[in-house]
Amino acid sequence: MTYSPCVVCSEPGSALSCKTCSSAAYCSTTCQLKDANSDHHKCLPYSILYEERCGRLLMAARDISAGEILFTDIPGAVGPDNNPKPICLTCYKRLPGLVYRCRYCSWPLCSPFCQQDDGPHARECQLFRIHSPRFEIEDYKKSCPWYNAIMTLRILWLKENKPDTWNLLDMLMDHLEDTKEEDKIVTGVVDFIRNHCKLTQFTENEILHVMGIIDTNAYIIGENPNKDVDLQGLFPITSIINHSCSANTICFARDNFTFACRAVKNIKKGEELTTNYLHYHYHFFGLSYRRPELSEFWHFKCNCHRCKDFTEFGTLSDALVCKECEQGRLIPLNMNPGSEWVCSTCYGSQTSEDVMMVITYWWNIIDTASKYDIKVLMELLQKTLKVFDKNHYYNLEVKRRIIENIGDSKGNKYEDLAEAWLEKKVEFCKDHLNIQKILAPGLSEYRAYLSSHIAEPLYWLTKKRYLAKKVSGEELNKIMEEVAQHLLMVIQIWGPYRKRSAERLKAENARTLLAIVDSKYLHRDLGVIADEVLEKDIMKIYSAIV
């Protein structure tokens with residue numbers, strides 16, 4: 001396929017295009033952003049604004065439909081995550097020992113095939129050649145601290161070589177003011193760059209700033225071919241998106257290390273674009289978990305609409321059962337630290353300290369319980385239901401662990417399970433789906449996760465019931481339609497993800513089951529819809545919230 005040149009810098013083979021009019025091609029998100037200010041072409045679905053509360057943010061420049069790809073971001077740099085053992089800096093495979101050295105800088109690579117003048121290693125190689133330091137690794141079986149500097153060097157390289165991208169990344173927050181103590185990794189990186197490599201053109205403050213930006217803004221975007229080294233990327237536009245505990249977009253890695261931002265629900269012009277920094281396993285977790293987690297790892301206090309509502313949009317996913325009346329629920333009185341927790345029925349109260357003790361006590365029990373023993377988890381659930389509201393994230397987390405064990409463990413195939421276990425998994429999935437519709441609605445990863453878990457047990461449960469004459473043919477087809485919709489949802493949400501990723505593999509598995517359901521019961525050629533996503537990369541746009 002031949003791509004048009006970039007309309008901004010004329011770079012040939014530019015694969016990005018305007019998602020609205022398709023009339024403009026770009027070599028990078030940086031050039032796409034530049035073109036947003038031109039008189040002849042203003043199609044970007046977002047604007048970059050500045051607000052005192054959070055710095056830069058993305059705002060919807062027009063109405064956006066659920067399912068739209070808002071932008072595809074090209075990384076300013078890609079590199080290994082912290083503390084890897086020696087690896088090839090081109091293909092990122094682990095090195096068993098010294099096999100081959102770069103002919104220019106002598107850094108260890110895996111083979112001459114990874115000696116690429118335009119490959120990932122080219123950036124630091126260019127910098128290493130200035131003073132030609134020696135690189136002798138004593139033990140290839142241990143982590144090598146030098147590799148912690150690679151991502152930093154690849155970003156510092158941009159300053160002289162790609163100043164437009166550098167300027168976008170340089171504006172990102174580093175949160176150095178929140179660093180509490182000297183970090184050995186940080187000290188080691190500064191020493192390696194300035195002393196070992198003698199790259200004194202980069203000041204200590206500059207290096208610390210870049211490391212802070214990486215720590216705050218970089219995403220894990222994949223792994224090496226052997227899946228034993230995590231790779232991280234720093235993206236100039238994606239990094240601007242602020243967090244919300246009930247976000248309206250998802251951001252995910254695609255092939256070639258690009259990152260896509262997709263609307264999960266309809267977004268009105270003037271609304272801020274947000275994403276959820278937490279893994280989707282935690283999207284149902286209550287404020288008592290989210291607040292300290294976000295503060296510790298991302299250095300901010302979340303003030304999204306959900307965090308301002310102590311009922312968690314009416315779900316009570318952070319509420320305790322009142323000890324005094326056993327009918328009402330305890331929730332915080334207000335946003336102030338140390339606020340009392342008050343019962344909504346009898347107005348009894350508990351101090352914040354007492355509530356935190358209860359929460360900590362039960363989390364320690366949940367955390368130490370075997371994740372793979374269904375009997376233990378079921379017994380634990382009966383206990384936590386007496387202390388926390390049925391929708392509390394502790395109860396939902398125990399149910400989630402049970403969900404993952406039914407039918408998904410070795411020797412525990414769905415077709416061999418008793419109906420009671422299939423019913424239990426479907427029941428717990430539906431409990432989660434009821435919460436998902438409120439806390440993470442639309443095309444969220446939480447929805448894909450639940451649909452991927454409910455589809456197959458619902459299929460086998462319905463099939464068993466039909467054969468036992470417990471459901472009619474009409475009911476059978478109705479439920480098989482529900483199964484198909486869950487499978488299509490998995491494909492629509494996770495199908496566009498990077499090939500070989502866990503999410504993409506789930507989508508491919510959903511395609512397999514969808515073919516069986518469609519051929520046996522529905523006869524609607526649903527495989528065509530699935531293949532549009534998985535093979536042609538055509539994603540559905542939704543006119544209403546899913």
Side-chain angles (χ1 to χ4, degrees), residues 4 6-9 14-76 164-165 167-173 217 219 234-252 254 258-277 303-306 440-444 493 496 537-546:
S4 302
C6 176
V7 297
V8 177
C9 69
S14 299
L16 294 180
S17 64
C18 173
K19 297 296 181 183
T20 303
C21 66
S22 302
S23 65
Y26 307 100
C27 66
S28 67
T29 313
T30 305
C31 281
Q32 187 181 23
L33 187 60
K34 281 184 179 181
D35 197 40
N37 299 319
S38 69
D39 292 331
H40 67 279
H41 187 245
K42 294 183 178 180
C43 281
L44 280 182
Y46 62 87
S47 302
I48 298 179
L49 304 179
Y50 180 88
E51 289 188 5
E52 197 65 38
R53 65 179 174 87
C54 61
R56 292 185 299 163
L57 58 88
L58 298 186
M59 189 76 76
R62 57 170 173 79
D63 289 348
I64 296 167
S65 297
E68 278 192 61
I69 294 289
L70 305 183
F71 60 84
T72 301
D73 208 355
I74 294 176
D164 289 336
T165 303
N167 289 335
L168 286 172
L169 296 177
D170 187 41
M171 288 189 284
L172 297 173
M173 291 184 173
N217 300 280
Y219 289 81
L234 186 62
F235 297 85
I237 306 304
T238 307
S239 297
I240 301 173
I241 301 179
N242 288 321
H243 166 86
S244 171
C245 298
S246 188
N248 54 24
T249 77
I250 52 173
C251 297
F252 55 91
R254 309 200 72 183
T258 59
F259 225 54
C261 176
R262 189 183 189 192
V264 301
K265 56 185 179 181
N266 293 340
I267 305 170
K268 293 291 185 182
K269 179 180 179 180
E271 288 183 28
E272 182 181 358
L273 303 183
T274 58
T275 196
N276 197 323
Y277 294 173
N303 286 309
C304 71
H305 293 303
R306 182 177 164 191
L443 302 169
S444 65
I493 298 172
D537 202 31
I538 299 173
M539 285 160 271
K540 183 177 178 180
I541 306 298
Y542 295 81
S543 59
I545 295 176
V546 184

Any side-chain heavy-atom pair of [X] and [Y] under 4.5 Å:
{"X": "Cys304", "Y": "Thr274", "answer": "no"}
{"X": "Leu169", "Y": "Asn217", "answer": "no"}
{"X": "Leu234", "Y": "Ser239", "answer": "yes"}
{"X": "Glu51", "Y": "Glu272", "answer": "no"}

Which atom pair, heavy atoms only, marks the closest approach of [X] to [Y]?
{"X": "Asn242", "Y": "Tyr277", "value": "CA-OH, 3.5 Å"}
{"X": "Leu70", "Y": "Ala263", "value": "CG-N, 4.3 Å"}
{"X": "Ile74", "Y": "Pro236", "value": "O-CD, 3.4 Å"}
{"X": "Leu443", "Y": "Ala66", "value": "CD1-C, 4.1 Å"}
{"X": "Asp63", "Y": "Lys269", "value": "OD1-N, 2.9 Å"}
{"X": "Pro496", "Y": "Met539", "value": "CG-SD, 3.3 Å"}

* Asked: Could you go step by step and tell me if Asn266 and Tyr542 meet the side chain to side chain contact (heavy atoms under 4.5 Å, CB included) rule?
  -> CA-CA 8 Å; Asn266 293 340; Tyr542 295 81; 5.6 Å; no
Check whether any side-chain N or O of [X] sits under 3.5 Å from a backbone N or O of [Y] as a donor-acceptor pair, and report yes or no.
{"X": "Arg62", "Y": "Pro45", "result": "no"}
{"X": "Arg306", "Y": "Ser246", "result": "no"}
{"X": "Asn248", "Y": "Ile267", "result": "no"}

* **Geometric class of the Tyr219/Phe259 ring pair [parallel <30°, tilted 30-60°, perpendicular >60°]** => tilted
* Asked: Per the side-chain contact (heavy atoms from CB on, under 4.5 Å) rule, which among Thr275, Asn276, Ile69, Ile64 passes with Thr249?
  -> Thr275
* Any chance you could measure Ile48, atom CD1, to Leu168, atom CG, to the nearest 0.5 Å? =>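 One gets 7.0 Å once the value is rounded to the nearest 0.5 Å.
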* To the nearest 0.5 Å, what is the distance between CD1 (Ile240) and SG (Cys54)? ->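 Here the rounded value is 11.0 Å.
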* Would Phe71 and Leu58 count as a side chain to side chain contact (heavy atoms under 4.5 Å, CB included) if you check the C-alpha gap in whole Å, the side-chain angles of each, and the deciding distance to 0.1 Å? -> CA-CA 12 Å; Phe71 60 84; Leu58 298 186; 3.8 Å; yes
* To do: List for me each residue that meets salt bridge (charged side-chain N to carboxylate O under 4.0 Å, His left out) alongside Asp537, sequence neighbours excluded, and say none if there are none.
  =>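 For Asp537 the salt bridge (charged side-chain N to carboxylate O under 4.0 Å, His left out) partners, ignoring immediate neighbours, are Arg254.
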